Visitor: 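Sharing a structure, written as structure tokens. Questions coming.
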Amino acid sequence: MTCRTRSWGCCSGWIVPLLTRAVGQIRTLLAERRYAVPNRPGARLRTVKDVFAYAQAEGVQLRLDATEVQVRRPRAGRGGRRAFVVGKKKQNTMKATVVADHRGRTLWADAMRPGRMHDATAVRMEGIDACFRHFPLVEMLLDEGYLGLRRDHPGKALTPPRKPNKSALPEFHERWKLHRHAHSSDRITVENALADHKRWKQLMRWTHRRENLPATYRAIAERVCDRTATSPAHPGHRVRPRPGGAASPTLGPHSTR
């Protein structure tokens, strides 16, 4: 037993770096596969422009949201240390932007930025803001963190309706609640996609080098995308009443053009 322990101690000096290098190469290969097109075997969406082109050609209404992954605190004295601190969670995080379709299938996940960066800023830096001008028929459901995109692209970047004034009539408040609930029900599919990603333990709290997190997140998101690309619907598919109409599936045909 002692000989085996000593032999392993002698070999670990070169085995551990070899395994680390192999894992890094496999991670890169998985991250470069990109995202499967639903019901189209072999086709891949490699850039956010491909996602917008696919959505415009197929008439798919997109959903976008950001999620945070806790990372290790940068070493004291290093420049840019505060960029990872998020005031909401009081943690050091990195933020990923994810695009999903009306059935909760991941179409694109990238734009890993420091957690302190605003969601809308990360979207603009990744070029999603410019895609609205090149693909005018694409609609995208967003949360209230992207009000700037709605201002720049009215009718395309769709956020929840603004709350009416307190002096408004009661029917306006009731209408606001109905439309807000309908918007949240339609946008919940991207939350389901984020939940699929967070089922992987590595994305709950990243304890390795921060520069390796973007490739790891893409590799995991692509694995989830491959699994859900041929699925008929997300398990959370339910029927909800829509304002001004009869009950219809939240993830049904009304979510597309």
Side-chain angles (χ1 to χ4, degrees), residues 30-36 44-55 60-71 83-86 88-89 91-135 138-153 156-160 184 186-200 202-204 206 210-225 228:
L30 292 176
E32 293 299 327
R33 293 184 69 238
R34 296 304 177 178
Y35 306 95
R44 293 279 172 175
L45 302 174
R46 300 189 177 276
T47 64
V48 67
K49 292 183 180 179
D50 295 341
V51 176
F52 272 75
Y54 161 75
V60 176
Q61 191 180 56
L62 302 176
R63 280 91 170 138
L64 182 143
D65 202 357
T67 183
E68 295 176 349
V69 180
Q70 185 178 356
V71 297
F84 296 92
V85 180
V86 181
K88 181 173 62 175
K89 294 186 175 182
Q91 295 176 345
N92 292 266
T93 63
M94 292 186 69
K95 187 178 298 182
T97 303
V98 177
V99 178
D101 64 358
H102 59 289
R103 295 188 182 275
R105 296 174 293 201
T106 301
L107 301 179
W108 182 82
D110 209 337
M112 292 294 297
R113 309 289 182 183
R116 199 178 185 89
M117 181 178 294
H118 196 276
D119 296 349
T121 304
V123 165
R124 290 189 174 94
M125 293 182 64
E126 199 63 26
I128 298 178
D129 182 46
C131 289
F132 281 107
R133 295 190 293 268
H134 298 296
F135 300 95
V138 176
E139 293 182 354
M140 180 177 287
L141 296 181
L142 308 166
D143 61 16
E144 292 182 341
Y146 300 92
L147 294 177
L149 289 179
R150 186 187 69 171
R151 179 197 61 223
D152 298 337
H153 309 283
K156 303 175 186 177
L158 307 177
T159 59
S184 178
D186 287 342
R187 203 187 63 85
I188 195 64
T189 55
V190 69
E191 302 287 351
N192 295 333
L194 295 178
D196 287 339
H197 300 170
K198 290 300 184 71
R199 291 180 182 179
W200 292 70
Q202 292 82 353
L203 299 185
M204 295 298 295
W206 182 252
R210 291 186 304 278
E211 55 267 22
N212 293 334
L213 178 57
T216 302
Y217 196 104
R218 288 197 302 269
I220 292 176
E222 288 158 17
R223 291 286 296 172
V224 174
C225 179
T228 59

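Keep in mind it's a predicted model, so treat the numbers as computed, not measured.
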Visitor: At their closest point, which heavy atom of A36 faces which heavy atom of C225, and how far apart are they?
Guide: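 So the two residues come closest at N-SG, 3.3 Å.
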Visitor: Please name the pair of heavy atoms, one in V51 and one in L107, separated by the smallest distance, quoted to 0.1 Å.
Guide: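 What the structure gives for the nearest pair is CG2-O, 3.7 Å.
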Visitor: Within a strict 4.5 Å, meaning less than it, do heavy atoms of the M117 and M125 side chains meet?
Guide: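 When only atoms from C-beta onward are counted, M125 and M117 do touch, with a gap below 4.5 Å.
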Visitor: For V69 and L203, work out which heavy atoms get closest and say how close.
Guide: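 Heavy-atom minimum between the residues: CG1-O, 3.5 Å.
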Visitor: Give the ring-plane orientation class for F52 versus F135, where under 30° counts as parallel, over 60° as perpendicular and anything between as tilted.
Guide: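 Tilted: the ring planes of F52 and F135 meet at 30° to 60°.
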Visitor: Are the side chains of V138 and C131 in touch, meaning some heavy atoms are under 4.5 Å apart?
Guide: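 No - every pair of side-chain heavy atoms lies 4.5 Å or more apart.
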Visitor: Is there a side-chain contact between T216 and W206 (heavy atoms, below 4.5 Å)?
Guide: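 Yes, side chains in contact.
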Visitor: Nearest 0.5 Å please: distance from the CG atom of N192 over to the OG1 atom of T106.
Guide: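 Spacing of CG (N192) from OG1 (T106) equals 10.5 Å.
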Visitor: Verify the neighbour count for atom NZ of K156: are there more than 12 heavy atoms of other residues, nucleotides or ligands below 6.0 Å?
Guide: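 Check passes, neighbour count above 12.
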Visitor: Look at the side chain of T97 and the backbone N and O of L64, then say whether any donor-acceptor pair between them is shorter than 3.5 Å.
Guide: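 No, because the side chain of T97 does not come within donor-acceptor range (under 3.5 Å) of the backbone of L64.
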Visitor: What do the steps show when you test R187 against D65 for side chain to side chain contact (heavy atoms under 4.5 Å, CB included), and what is the final call?
Guide: CA-CA 9 Å; R187 203 187 63 85; D65 202 357; 3.3 Å; yes
Visitor: Going by side-chain hydrogen bond (donor to acceptor under 3.5 Å, both in side chains), T67 matches just one of K95, H197, K198. Which one?
Guide: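 So, applying the side-chain hydrogen bond (donor to acceptor under 3.5 Å, both in side chains) to T67 and each of K95, H197, K198, only K198 qualifies.
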Visitor: Any side-chain heavy atom of L213 sitting closer than 4.5 Å to one from Q202?
Guide: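 A side-chain contact under 4.5 Å is absent here.
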Visitor: Would the distance check show the side chain of Y217 and the main-chain N or O of A109 forming a donor-acceptor pair, the cut-off being under 3.5 Å?
Guide: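 Not confirmed, Y217 side chain does not pair with A109 backbone.
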Visitor: Any Lys/Arg nitrogen of D110 or R34 sitting under 4.0 Å from an Asp/Glu carboxylate oxygen of the other?
Guide: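 A salt bridge is present here (some side-chain N lies under 4.0 Å from a carboxylate O).
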Visitor: State the CG-CG distance between L142 and L158, to the nearest 0.5 angstrom.
Guide: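 Rounded to the nearest 0.5 Å, the CG-CG separation comes out at 7.0 Å.
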Visitor: Nearest 0.5 angstrom please: R199 CZ to D196 CG, how far?
Guide: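 Result: 5.0 Å between the selected atoms.
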Visitor: What distance do L141 atom CG and Q61 atom CD have between them, rounded to the nearest 0.5 Å?
Guide: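 It is 4.0 Å, given to the nearest 0.5 Å.
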Visitor: Could you walk me through whether W108 and I128 pass side chain to side chain contact (heavy atoms under 4.5 Å, CB included), step by step?
Guide: CA-CA 11 Å; W108 182 82; I128 298 178; 3.9 Å; yes
Visitor: What I'd like to find out is whether the side chain of R218 reaches to under 4.5 Å of the side chain of M112, using heavy atoms alone.
Guide: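 Of all side-chain heavy-atom pairs linking M112 with R218, none is under 4.5 Å.
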Visitor: Please report the shortest heavy-atom distance between T159 and D143, naming the atom on each side.
Guide: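 For T159 and D143, the tightest heavy-atom pair comes out as CG2-O, 3.5 Å.
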Visitor: If I take atom CD from residue E211 and atom CE from residue M94, how far apart are they, to the nearest 0.5 angstrom?
Guide: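 Taking CD in E211 and CE in M94, the distance rounds to 9.0 Å.
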Visitor: Can you confirm whether M140 sits close enough to F132 that some side-chain heavy atom of one is under 4.5 Å from a side-chain heavy atom of the other?
Guide: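 Sidechains of F132 and M140: in contact.
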Visitor: Do you know the tightest heavy-atom contact between E68 and G115?
Guide: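 Heavy-atom minimum between the residues: OE2-O, 4.2 Å.
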Visitor: With distance as the sole test, does R63 use its side chain to make a donor-acceptor pair with the main-chain N or O of E191 at under 3.5 Å?
Guide: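 Looks like no, no N/O pair under 3.5 Å.
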Visitor: Looking at CZ of R116 and CG of N92, how far apart are the two atoms once the value is rounded to the nearest 0.5 Å?
Guide: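 Those atoms lie 10.5 Å apart.
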Visitor: For L149, does its backbone N or O pair with a side-chain atom of D152 as donor and acceptor, under 3.5 Å?
Guide: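 Not at all, since once roles are kept as given, no pair shorter than 3.5 Å links the two residues.
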Visitor: Tell me, with the steps shown, if H102 and D186 meet side chain to side chain contact (heavy atoms under 4.5 Å, CB included).
Guide: CA-CA 7 Å; H102 59 289; D186 287 342; over 6 Å; no
Visitor: For Y35 versus A221, what's the shortest heavy-atom pair and its separation?
Guide: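 What the structure gives for the nearest pair is CE2-CB, 3.9 Å.
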